[in-house]
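Everything on this sheet refers to the single structure shown next.
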2 protein chains.
Amino acid sequence: MTDDLMSVLHSPRRRELLRLCWDEPCAAGALHAAMPDVTFGAISQHLAALRAAGLVDVVAQGRNRLYQTRRAALGPFRRWLEQSWDDALYRLTLAAELEASRRGPRTTSRTRSRTRRRP
Amino acid sequence: MTDDLMSVLHSPRRRELLRLCWDEPCAAGALHAAMPDVTFGAISQHLAALRAAGLVDVVAQGRNRLYQTRRAALGPFRRWLEQSWDDALYRLTLAAELEASRRGPRTTSRTRSRTRRRP
DNA sequence: GGAATACTTTAGTTGCAACTAAAGCATGAC
DNA sequence: GTCATGCTTTAGTTGCAACTAAAGTATTCC
């Protein structure tokens with residue numbers, strides 16, 4: 001699960017695509033226009049990978065296909081990070097930030113076994 | 001920065017290595033013993049990559065070299081996730097968890113430009 | 001119907017990352 | 001000193017992921 005997500009998110013190109021359609025649906029052509037150093041085909045293939053991983057939603061609209069990032073799908077990825085993490089300190093700082101945000105706008109802050117040794 | 005981290009963390013093998021020396025320093029040989037399906041050389045190469053990315057600390061101890069995960073180094077990675085995230089809902093659930101933990105143990109188209117179309 | 005647009009899919013290439021095997025380099029024991 | 005151990009580095013191979021080019025599909029407009 002996380003492995004799949006990782007291998008998809010590994011590509012800077014795909015992360016960029018996710019970023020581009022993060023806030024609003026975006027046509028494949030528009031996404032391509034934003035990264036003109038590759039062919040349309042390449043973009044379409046990346047979008048297919050994101051689709052397969054469930055990281056984007058697609059809706060057809062006329063001749064266009066509108067892509068949008070499914071933020072919720074990044075949850076397992078985030079959870080992986082958190083599970084393998086010493087959360088104590090982080091949670092405390094986050095709690096502090098939450099406190100602050102209630103008052104005003106934030107300004108963020110063995111053994112041995114050598115294998116495969118054949119003659 | 002995040003790109004580098006991503007390309008290092010992309011490998012399940014390296015994530016496993018990080019996990020293995022998460023809580024205590026661990027000799028390279030011991031790490032290899034935990035994943036005997038690859039050669040010692042391969043492990044050493046992965047450890048070199050983790051070292052280069054600053055994700056592990058190493059100390060020599062006699063003939064051994066002890067590796068330990070630098071959890072703090074995963075910070076930027078985590079921050080990337082958070083920055084590109086709709087945090088509102090997440091923060092609310094986290095706040096709820098914090099509340100609960102105070103009471104008892106948790107159970108927790110625009111333009112078009114097809115390029116590279118040569119004759 | 002046909003032409004144009006918007007996108008996807010397929011086939012083929014290329015570069016890189018993970019690996020093996022083997023040599024190299026320290027350190028400790030003798 | 002020599003030998004063994006523990007690890008790293010180098011050289012070479014192999015498989016895969018990102019890409020291009022081109023063909024294919026679907027929709028709209030005339």
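Residue numbers begin at 1 in each chain, while the letters A, B, ... track the order of the sequences. Fair warning: this is a prediction, and the values are worked out from it, not measured in the lab.
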On the 0 to 90° scale, with breaks at 30° and 60°, tag the B/Phe40-B/His32 ring pair as parallel, tilted or perpendicular.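 Because their plane-to-plane angle lies in the 30° to 60° range, the rings of B/Phe40 and B/His32 count as tilted.
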Does any residue of residues 52-61 of chain B have a heavy atom under 4.0 Å from DNA chain D, and if so, which ones, in number order?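 Heavy-atom contacts with DNA chain D come from no residue of residues 52-61 of chain B; none.
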The complete set of salt bridge (charged side-chain N to carboxylate O under 4.0 Å, His left out) pairs with one or both residues in residues 39-53 of chain B, sequence neighbours excluded, reads none
Please examine the side chains of A/Gln68 and A/Cys26, heavy atoms only from C-beta on, and report whether any two atoms are closer than 4.5 Å. no
Would you say that A/Thr69 contacts A/Asp57 through its side chain, given a criterion of any heavy-atom pair below 4.5 Å between the two side chains?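 No. Closest side-chain heavy atoms not under 4.5 Å.
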Check the distance between [N]'s [atom2] and [X]'s [atom1] and give it to me in whole angstrom.
{"X": "B/Arg65", "N": "D/dT8", "atom1": "CZ", "atom2": "C1'", "result": "8 Å"}
{"X": "B/Leu50", "N": "C/dA18", "atom1": "CG", "atom2": "C1'", "result": "14 Å"}
{"X": "A/Leu66", "N": "C/dT5", "atom1": "CG", "atom2": "C1'", "result": "15 Å"}
{"X": "B/Ile43", "N": "D/dT8", "atom1": "CD1", "atom2": "C1'", "result": "13 Å"}
{"X": "B/Gln45", "N": "D/dA11", "atom1": "CD", "atom2": "P", "result": "13 Å"}
{"X": "A/Arg63", "N": "C/dT8", "atom1": "CZ", "atom2": "P", "result": "15 Å"}
{"X": "A/Asn64", "N": "C/dT8", "atom1": "CG", "atom2": "P", "result": "10 Å"}
{"X": "B/His32", "N": "D/dC7", "atom1": "NE2", "atom2": "P", "result": "11 Å"}

Tell me whether the side-chain N/O atoms of A/His46 come closer than 4.0 Å to OP1 or OP2 in D/dC19.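 Answer is yes, contact under 4.0 Å.
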Between [options], spot the one nearest the side chain of [X], thanks.
{"X": "A/Tyr67", "options": "D/dA18, C/dT20, C/dC7", "result": "C/dC7"}
{"X": "A/Arg51", "options": "D/dT8, C/dA6, C/dT8", "result": "C/dT8"}
{"X": "A/Phe40", "options": "D/dC29, C/dT8, D/dA18", "result": "C/dT8"}
{"X": "A/Thr39", "options": "D/dT9, D/dT20, D/dT5", "result": "D/dT20"}
{"X": "B/Ala28", "options": "D/dC7, C/dC7, D/dC19", "result": "D/dC7"}

List for me each residue that meets side chain to side chain contact (heavy atoms under 4.5 Å, CB included) alongside A/Ala34, sequence neighbours excluded, and say none if there are none. A/Leu20
When the nearest nucleotide of DNA chain D is assigned to B/Ala42 and to A/Arg14 on a heavy-atom basis, which residue is associated with the more 5' position?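 Closer to the 5' end of DNA chain D: B/Ala42.
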5' priority, DNA chain C, between B/Ser11 and A/Ala48 [closest heavy atom]: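 Counting from the 5' end, the first nearest nucleotide belongs to A/Ala48.
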Tested for salt bridge (Lys or Arg N to Asp or Glu O under 4.0 Å) against A/Glu16, the lone hit among A/Arg19, A/Arg13, A/Arg14 is A/Arg19
Is A/Asp23 paired with A/Arg71 through a side-chain N to carboxylate O contact shorter than 4.0 Å?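 A/Asp23 and A/Arg71: salt-bridged.
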